[in-house]
Undergrad: 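If you scroll down you'll find the structure; I have some questions about it.
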Amino acid sequence: MVRESRVLQRLRDRLPRGRSYVRNGSVVDLQVARGEVSARVQGSSLYRGTIRIKPLAAARWRALKTACAGQITSLVSLLQGKLPDNVLRAVTDRATGLFPAPSEIELDCSCPDFATLCKHLAAVLYGVGARLDTQPELLFLLRGLIIRNW
Ligand SMILES: [Zn+2]
């Protein structure tokens, strides 16, 4: 049997609290900018959580664009948020897609908790996940592929 690492245990402990913070409206002023997500989280005090994401490497972006070239046949579908399956697969591929690897993510919170992932940052992660569900194009901004939100 594989023992769960301490990091995973901590993550499992904190994510439910993060989720409830989002549901209770404790995450305020969530901002998505180029390579950065920041929000204020109301816990026992008001803290600022920041998630920094490294820009996508130029070579990886070129390869991704090549893989997707000619695959998007309808601009109307694209504007409705519908991507062909092969484009969606390319964009979400763990090794070659748009999503950052854990090593490309830096977490920072103003609270005194020394844990890598405090409950406030868990809340910010939940908050940005919900935001990306409704505005997936923000992923391009987060990965530094566009200058600002449109
Ligand atoms: Zn914190």
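Order of listing sets the numbers, starting from 1, for every ligand and every atom in it. In this text the structure is predicted, and so the values were computed from the model without any measurement. Heavy atoms only: backbone and side chains are in, while hydrogens, waters and symmetry mates are out.
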Undergrad: Taking the side chain from R131 and the backbone from L30, do they hold a donor-acceptor pair closer than 3.5 Å?
TA: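 It does hold such a pair.
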Undergrad: Any non-hydrogen side-chain atom of Y47 less than 4.5 Å from a side-chain atom of P112?
TA: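 In short, these two side chains touch, coming nearer than 4.5 Å.
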Undergrad: Kindly state each residue pair satisfying side chain to side chain donor-acceptor pair (under 3.5 Å) with at least one member in residues 48-61, sequence neighbours excluded.
TA: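 Counting only pairs at least two positions apart or across chains, the side chain to side chain donor-acceptor pair (under 3.5 Å) contacts touching residues 48-61 are S38-R48, R52-E106.
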Undergrad: What's within reach of the Zn ion (ligand 1), meaning protein N/O/S atoms under 2.8 Å?
TA: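 Checking every protein N, O and S atom gives C109 SG, C111 SG, C118 SG, H120 ND1.
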Undergrad: Can you give me the closest heavy-atom contact between A39 and V124, atom names plus distance?
TA: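 In terms of heavy atoms, the two residues are closest at CB-CG2, 4.0 Å.
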Undergrad: Can you name the ring pair (Phe, Tyr, Trp, His ring centres under 6.0 Å) partners of Y21, sequence neighbours left out?
TA: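 None.
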Undergrad: Taking only distance into account, with no hydrogens and no angle test, what donor-acceptor pairs under 3.5 Å do side-chain atoms of residues 86-101 form with protein atoms, sequence neighbours excluded?
TA:
unit_1: N86; atom_1: ND2; unit_2: Q71; atom_2: OE1; d: 2.4
unit_1: T92; atom_1: OG1; unit_2: L88; atom_2: O; d: 2.7
unit_1: D93; atom_1: OD1; unit_2: A95; atom_2: N; d: 2.9
unit_1: D93; atom_1: OD1; unit_2: T96; atom_2: N; d: 2.9
unit_1: D93; atom_1: OD1; unit_2: T96; atom_2: OG1; d: 3.0

